[in-house]
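So you know, we letter chains A, B, ... as the sequences are listed, proteins then strands, and number each from 1.
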Amino acid sequence: MPTPSQPQARLADQYDPQAIEREAQAFWESARSFRSTEDPSRPKFYCLSMFPYPSGKLHMGHVRNYTIGDVLARYHRMRGANVLQPMGWDAFGLPAENAAMANNVPPAKWTRENIGTMKAQLRSLGFALDWERELATCDPRYYVWNQWLFTRLFRKGLAYKKTGVVNWDPVDQTVLANEQVIDGRGWRTGAPVEKREIPMYFLRITAYAEELLAALEELPGWPEQVKLMQKNWIGKSEGVRLAFPYELDSEKKLLWVFTTRADTLMGATFCAVAAEHPIAAWAARRDPRIAAFVEECKRGAVMEADLAQLEKKGMPAGLSCTHPISGKQVAVWVANYVLMGYGEGAVMAVPAHDERDFAFAREYGLPIQPVIRHPAGDKVPAPWKPEYAEYGACINSGKYDGLPYQDAVDAIAADLKAKGLGEKQVQWRLRDWGISRQRYWGCPIPIVHCPACGDVPVRDGELPVRLPEHLVPDGTGNPLAKLPEFYETSCPACSKPARRETDTMDTFVDSSWYFARYACPDQAGAMLDERARYWMPVDQYIGGIEHAILHLLYSRFFQRLMRDEGLLEVSEPFTNLLTQGMVLADSYYFDTPEGRRDWVHPSEVEVERDAKGKIVAAKKGDGTPVVFDGIGTMSKSKNNGVDPQALIDKYGADTARFYIIFASPPTNTLEWSDESVEGSYRFLKRLWTYCARLEKPGAQMVDHPAKATRFEIHSVLKQANYDLSKHQFNTVASAAMKILNALERFAGGRNKVTEEGLSILLRLLSPITPHVCHHLWRALEFGKQFPEAGEDVMRAPWPEPDPAALEQDEVELVVQVNGKLRGSIRVPRAADRPAIEGLALANPNVQKFVAGQKVKKVVVVPGRLVNLVV
RNA sequence: GCCGGAAUGGCGGAACUGGUAGACGCGCCGGACUCAAAAUCCGGUGCUGGCGACAGCGUGAGGGUUCGAGUCCCUCUUCCGGCACCA
């Protein structure tokens, strides 16, 4: 492709980032440098960063995410790949409704304005994005395919209706998101939140549980940590489903429980059921105290984190059931620690070998019967010890005595099966995905409720079910449910009057397949087309670690749903995953005389240091002392956010990008420091000044040998290339600094060594700071040496170290005595072991520590060290 | 509570596969330039002792394996992420 002709850039004396960034961006724009097309002749590289929620302005987390992605995209482009790097908007969601309520602006308008602002910001950062593929999930041309797929899943039974539990605000008469529940109360009303069961649509992700789990093994490009979290989340456990018979109103019934510890069955001394269990409901009808307890359990929010920290409480249900093996009667309790949503909503309690049951039994004086020989003995005296839960041989268990874990489980399961009271079963922690939201700003669920035909999916020809965009929610439920024009419709099957579903989809649905749609965002006739088969899977996905479970698991699930619709072949959407850490900043406050706590922005804080540079005090500009409150995520409430725009305005995009890459490896948290940003700016200025001086006639004296300089530059490059392969970009930025240091020490004019070194430096650095490298490459006319690149450093080949430059005649070896460093020796590269030992022993400082002692052993690590053991 | 991480100078971080701890940068100290300041440039900088060559100590705490541990194993502490309706 021809590069657009522009006047040859001259190198000004001063680094002016705003001017050169404008120029570089104009160059890329007119050359359409980042547009990607399908090209089967080249290896493709689909590089994707998680798309942002258009919250208003870009925040530092976005800048970090997209800078990391951009470095990867540009690097792979220079290595010859056909790179796709798209961008779009996760545009449905709760914040738009909150903003709408606060400002009386429809979410649609607010969202679209935010997209405009953030898109301009992304452009100013110079990311190599193919904007021709931009999409927004609130666009009917996008969400129509959510709806289309949903109707397919509904017909297959993979989408279905059942009741689910939600947070209910009794004052606003509305469903609350978990984040809208603060200390058990509604955020706007302050009313205690209640649990409420409502009908919802679910996606049958459990049908894919086995595959989602097994396929984790085939994801070598994912961090182990994320795979482990997903594995635990899916939570496959093999156990026994078994029944305790009981009689209710002279009717014979079975209380089913699931256990992974069937070997402890003979120690089951009671059973416990969830407050939502039918037995609890029955007991509540007979006994007002139980009714009150069940009510108490139903109060509060639905968050598992909160439930898990509740004090374990229970009440006897006034019922007993029969132990399936021993035939003894055991009591049934209603307990708040049993979850209706997991397993059978009931458990057999073995207090001797389960910590929760142990605590519960001791609290309520229930029998504790040890049945396993554990490392701490045969008895289980209080307090609880973790050993009690370990595997061991059965005791006090009649015919099962002496059997180890697996044999006991097998024998007990066989006996239960013979009685028709149980069998082995696989149990999953993973639950089906409830996607219904009683909210306005989301994708409408394409179902019509007909009094005669039931729930009928909207016909393809009627899709999309358009979301009216003019509404402003008021916090009292979904405005769609108050809009007859929306919900009044006719049945797709019988044409009689019917009511349209007014719930919208979880926004996780939108984000579970957007990555595939980028391949063909303009395709109006299908969800995906053959271009998706070219680009998918994503070769590199980059995003926050906070998405390690839900978003990534749902996306893996959707990829399979699309595969099973015949839309794609591959099962896994993301071949390689990079989880980036959060961006943190210091926070400072002072308490006002009125007793208010004011948070002071870190940029307004002056610190006082001691002679060593350690911070001893901090104050505001006006002298008010402030308290350092530690380091944490950037947030409005602590007034410690750094605005990317201000940073770009002051230093330019390249400094922002360089700092973000340099400050920390991508997977770590990044702790913000304005002073370090200055350092990054300083480096780019130094690079500029070095190049500007090279341009001037009259080379300076060479004061460093060329061979040593080349060795240094090529060694650094070798390490940098290794670091790039490990995605450790902070040391690549360091490498660029080291190369500039070496060139400055060499201090020649334009000659073979500086020319080579600088071309390496500009290419190595260009993915991180593309604007300044683009400009310097053109100004210094490196296109003459790299005709294939011409004026565009991005088209230059990636630099590789020259093996000849890495050769050395001598190497330095460290000499240790008993593992302690005592000196070093220089030896010829090919020196043999006796020669090395001789030189090591001859070192005078080494002699001091070996003198008069016998050397028992000599360890020689080639190229590294000699260790003399005395 | 459960699941998953992290911890190295005054600060961010580096250290290959168990082999010189502190690369690179920030900050700080000293110097050059300047009427002065900013900017820039040069030198120093883990802690303790010593004029010094050097020595002792040192990677959150405690133990272990090894010729040798920031790195491997065990126990613990603190901080961070997720927990299904924030995205």
Side-chain angles (χ1 to χ4, degrees), chain A residues 50 52-53 55 90 93-95 164 166-167 175-181 223-226 228-229 231-233 235 302-310 337 341 356 430-431 433-439 506-508 511 544-551 553-554 579 581-582 584 607 609-616 630-633 659 662-665 667-673 675-680 682-683 685-686 689 719 722-723 726 728 730-731 733-738 741 812-816 818-821 824 845 848 856-859 861 864-865 867-870:
Chain A
M50 289 179 184
Y53 179 80
S55 55
D90 188 12
L94 202 51
V166 294
N167 302 306
V175 176
L176 298 178
N178 283 338
E179 73 158 6
Q180 296 174 317
V181 178
E224 287 306 320
Q225 156 202 13
V226 173
L228 189 55
M229 281 193 259
K231 182 182 175 208
N232 291 338
W233 184 262
V302 297
M303 282 101 88
E304 193 191 302
D306 290 352
L307 295 175
Q309 279 167 91
L310 288 177
Y337 69 90
R356 270 181 327 191
L430 183 69
R431 308 197 293 260
W433 173 14
I435 59 156
S436 294
R437 298 291 179 269
Q438 297 67 43
R439 266 191 259 295
D506 181 1
T507 57
F508 271 126
S511 56
I545 182 68
E546 66 274 19
H547 295 291
I549 296 175
L550 292 179
H551 164 61
L553 188 65
Y554 292 151
T579 50
M582 320 244 301
L584 311 178
V607 294
R609 294 169 190 274
D610 66 12
K612 285 173 186 167
K614 187 177 181 175
I615 296 174
V616 290
I631 197 150
T633 51
Y659 171 69
F662 176 66
S664 176
T667 52
N668 279 23
T669 55
L670 188 157
E671 297 178 26
W672 197 264
S673 153
E675 285 143 345
S676 278
V677 174
E678 291 274 359
S680 299
R682 209 147 42 219
F683 164 68
K685 274 196 290 190
R686 244 176 64 213
T689 309
Q719 183 65 42
Y722 176 75
D723 292 347
K726 288 198 309 176
Q728 191 171 302
N730 56 325
T731 51
S734 300
M737 289 175 151
K738 286 180 191 175
N741 289 347
E812 189 176 295
L813 291 185
V814 157
V815 186
Q816 298 179 337
N818 286 341
K820 280 187 189 265
L821 178 65
S824 70
N845 201 47
K848 280 200 319 209
K856 283 185 270 187
K857 186 175 173 183
V858 182
V859 181
V861 182
R864 292 218 170 262
L865 60 71
N867 188 12
L868 307 168
V869 185
V870 297

Any base atoms under 4.0 Å from [X], or only sugar-phosphate, or nothing? Heavy atoms, all strands.
{"X": "A:Q180", "result": "nothing"}
{"X": "A:H547", "result": "base"}
{"X": "A:V175", "result": "base"}
{"X": "A:V166", "result": "base"}
{"X": "A:T669", "result": "sugar-phosphate"}
{"X": "A:P665", "result": "sugar-phosphate"}
{"X": "A:W433", "result": "nothing"}
{"X": "A:F508", "result": "base"}
{"X": "A:A305", "result": "base"}
{"X": "A:T507", "result": "sugar-phosphate"}
{"X": "A:R682", "result": "sugar-phosphate"}

To the side chain of [X], which of [options] is closest?
{"X": "A:K738", "options": "B:G1, B:C86, B:C24", "answer": "B:C24"}
{"X": "A:N668", "options": "B:C67, B:C24, B:G13", "answer": "B:G13"}
{"X": "A:E179", "options": "B:C86, B:G12, B:C83", "answer": "B:C86"}
{"X": "A:V814", "options": "B:U20, B:C26, B:C86", "answer": "B:U20"}
{"X": "A:Q816", "options": "B:A23, B:C26, B:G19", "answer": "B:G19"}
{"X": "A:M229", "options": "B:G27, B:A23, B:G4", "answer": "B:G4"}
{"X": "A:V859", "options": "B:G25, B:G19, B:A84", "answer": "B:G19"}
{"X": "A:I545", "options": "B:C57, B:G81, B:A84", "answer": "B:G81"}
{"X": "A:R686", "options": "B:A84, B:A14, B:G25", "answer": "B:G25"}
{"X": "A:D90", "options": "B:A87, B:G19, B:G1", "answer": "B:A87"}

Rounding to an integer number of angstrom, what distance separates [N] and [M] when you compare their [atom1] atoms?
{"N": "B:C26", "M": "B:A14", "atom1": "C1'", "value": "15 Å"}
{"N": "B:C35", "M": "B:G27", "atom1": "P", "value": "26 Å"}
{"N": "B:G60", "M": "B:G5", "atom1": "C1'", "value": "15 Å"}
{"N": "B:C24", "M": "B:C79", "atom1": "P", "value": "34 Å"}
{"N": "B:U71", "M": "B:G81", "atom1": "C1'", "value": "24 Å"}
{"N": "B:A84", "M": "B:G13", "atom1": "P", "value": "30 Å"}
{"N": "B:U20", "M": "B:G31", "atom1": "C1'", "value": "31 Å"}
{"N": "B:G52", "M": "B:G46", "atom1": "P", "value": "14 Å"}

Tell me: [atom1] of [X] to [atom2] of [N], nearest whole Å?
{"X": "A:F662", "N": "B:A23", "atom1": "CZ", "atom2": "P", "value": "11 Å"}
{"X": "A:E304", "N": "B:C83", "atom1": "CD", "atom2": "C1'", "value": "6 Å"}
{"X": "A:Q728", "N": "B:A23", "atom1": "CD", "atom2": "P", "value": "15 Å"}
{"X": "A:L865", "N": "B:A21", "atom1": "CG", "atom2": "C1'", "value": "14 Å"}
{"X": "A:L670", "N": "B:G12", "atom1": "CG", "atom2": "C1'", "value": "8 Å"}
{"X": "A:D306", "N": "B:C2", "atom1": "CG", "atom2": "C1'", "value": "13 Å"}
{"X": "A:E671", "N": "B:C79", "atom1": "CD", "atom2": "P", "value": "15 Å"}
{"X": "A:L310", "N": "B:C2", "atom1": "CG", "atom2": "C1'", "value": "14 Å"}

Next item on the list: May I ask you to verify whether the side chain of A:N232 and the base of B:C3 hold a donor-acceptor pair under 3.5 Å?
Entry: no
A:W233 meets the ring-ring contact (aromatic ring centres under 6.0 Å, His included) criterion, sequence neighbours left out, with none
Expected output: side-chain [X] to main-chain [Y] donor-acceptor under 3.5 Å:
{"X": "A:N167", "Y": "A:V302", "value": "yes"}
{"X": "A:N867", "Y": "A:G819", "value": "yes"}
{"X": "A:N668", "Y": "A:G581", "value": "no"}

In terms of relative ring orientation, are A:W672 and A:Y659 parallel, tilted or perpendicular, with 30° and 60° separating the classes? perpendicular
**Message:** We want to know whether A:N845 and A:K848 form a side-chain donor-acceptor pair, criterion being a heavy-atom distance below 3.5 angstrom.
**Reply:** yes
Strictly below 4.0 Å: does [X] bring a side-chain N or O up to OP1 or OP2 of [N]?
{"X": "A:K685", "N": "B:U40", "answer": "yes"}
{"X": "A:Y554", "N": "B:A87", "answer": "no"}
{"X": "A:S673", "N": "B:G12", "answer": "no"}
{"X": "A:N845", "N": "B:A53", "answer": "no"}
{"X": "A:N867", "N": "B:U66", "answer": "no"}
{"X": "A:Q225", "N": "B:G82", "answer": "no"}

dist A:E224:CD -> A:M229:CE (nearest 0.5 Å) comes out at 11.5 Å
message = Taking atom NZ as the centre, does A:K856 end up with more than 12 heavy-atom neighbours from other residues, nucleotides or ligands that are less than 6.0 angstrom away?
response = no
By the Watson-Crick or G-U definition, both distances under 3.5 Å, B:U66 is matched with none
